[in-house]
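The structure under discussion appears below in the form of structure tokens.
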There are 2 protein chains.
Amino acid sequence: MSIDRRSGCPINLSLEVFGDRWSLIILRDMIFGGKRHFRDLLNGSLERIASNILADRLKRLMELGMLTRADDPTHKQKAIYSLTEMAITLVPILAYLGAWGRVWLPVSEELSIRAELLEKGGPPMWEKFMDELRHEHLGTPSDTPPDATVRASLQAGYEAVVARKAPGAGCDPDA
Amino acid sequence: MSIDRRSGCPINLSLEVFGDRWSLIILRDMIFGGKRHFRDLLNGSLERIASNILADRLKRLMELGMLTRADDPTHKQKAIYSLTEMAITLVPILAYLGAWGRVWLPVSEELSIRAELLEKGGPPMWEKFMDELRHEHLGTPSDTPPDATVRASLQAGYEAVVARKAPGAGCDPDA
DNA sequence: ACAACTGATTGCATTTTGCAATCAGTTGCA
DNA sequence: TGCAACTGATTGCAAAATGCAATCAGTTGT
């Protein structure tokens, strides 16, 4: 399951990295959902990835240099997956992809609010988000307080839509 | 082979449109290569798509609203495929994808020069390119002379690299 | 001691993919 | 008229990917 190298075209090579139905979904959940453990990714995504496919893609993304794996000090069997700089720089692509999908595809309102906020925020917001991800996954220093992160503001926007659509119902499957 | 709708997430829905190894390759060849016929797409791409897969993807992209098909007046069996606005607005995504691949993947110099020029040109160049595609595929008016198109300048850049790498050898498989 | 949870792995049926060969109709040329 | 080349596909088939359920060994909390 390694890279084919059908040609040296940048678009082709990019497709060989995440030209499948699951790799970008996993990266999305790590980037926007803050998921870092196998179980979180397995049970957290709306698209219900199978455990063998998740294991395969995590392995593949590590081989490609998009993820790294480390032991979790709180649990001897637990592994923490981290994004590499290579994966973090996908943020603008995900932002554009979300913006495009929001225009042309039958997206649901509550799931597209994040894409809308990210599009409205533009490149400055993407840069801020990438810096937060670098802090979170690569350990680089950051001066953003935990309650003022881009991810928190995206999540707040999501919850506002959910609350408006179902007032009083306190259920949040994505929390 | 229609859309799954695993979830209403914009990124997921986008992946269901071109989360495979061939759909974006076909769109790339139509957008950057100017290919509009089955045979051009079949023989023109470096990645050697099989004819049944090409037929399947063309059909699928039409069902999804990314392409339209029309009869070619010069040949009763010939079909001309056109990009829709939905497909034309992928240009920024392809630009970002090419830029990302150029940084992180083992691209070849002659095939990545187009991505580099497109990245350097930025959003203004993308807009100009999209206008040219609208003129070419949707018949909208345009005042750009045929020799000053974005595609022509990308092609010129490509040929300059090829000429520099193999001076005197007049072969150009992409012409 | 024991149930729940950790990151996986295995087996298996179904689906998708990719390659080679082939198709019928159209065109250009001798 | 005859025939080769070209048009957009389609078919058969082997290989690969997918998705589901069951299972695994080790760890943790009670």
**Message:** Whether A/Trp22 contacts D/dG19 is assessed here as follows: a side-chain N or O lying under 4.0 Å from the phosphate OP1 or OP2. Is that the case?
**Reply:** yes
**Message:** Just the rounded figure in Å: distance from P of D/dG19 to CG of A/Leu54.
**Reply:** 12 Å
**Message:** Whole angstroms only, please: what is the CD-P distance between A/Gln77 and D/dC24?
**Reply:** 15 Å
**Item:** Whole-Å gap separating C1' (D/dA17) and CZ (A/Arg57)
**Value:** 8 Å
**Request:** Rounded to the nearest angstrom, tell me the gap between atom CG in A/Leu42 and atom P in D/dT23.
**Result:** 18 Å
**Message:** Is a donor from one side chain sitting under 3.5 angstrom from an acceptor on the other, for B/Trp100 and A/Ser14?
**Reply:** no
**Request:** For the pair A/Asp20 and A/Arg57, find out whether any cationic side-chain nitrogen is under 4.0 Å from an anionic carboxylate oxygen.
**Result:** yes
**Prompt:** Would you call A/Asp131 and A/Arg134 a salt bridge, taking side-chain N to carboxylate O under 4.0 Å as the test?
**Reply:** yes
**Fill in**
Checking B/Asp40, B/Leu46, B/Leu41, B/Leu24 against B/Asp29 for side chain to side chain contact (heavy atoms under 4.5 Å, CB included), the one that qualifies is B/Leu41
**Asked** With respect to the phosphate group of D/dG8, does any side-chain polar atom (N or O) of B/His37 fall under 4.0 Å of OP1 or OP2?
**Response** yes
**Message:** Applying a 4.0 Å non-hydrogen cut-off, can you work out what A/Arg69 is touching in the nucleic acid: base, sugar-phosphate, or nothing?
**Reply:** sugar-phosphate
**Prompt:** Starting at CG of B/Asn52 and ending at P of C/dC23, how long is that distance when rounded to a whole Å?
**Reply:** 16 Å
**Request:** Take the protein atom CZ of B/Phe38 and the nucleotide atom C1' of C/dC23, then report the distance between them rounded to whole Å.
**Result:** 13 Å
**Separation of D/dT7 P from B/Arg36 CZ (nearest whole Å)** = 16 Å
**Request:** To the nearest Å, give me how far apart CG (B/Asp20) and P (C/dT15) are.
**Result:** 19 Å
**Item:** Residue met sooner reading DNA chain C from 5', once B/Arg39 and B/Ala50 are mapped to nucleotides
**Value:** B/Ala50
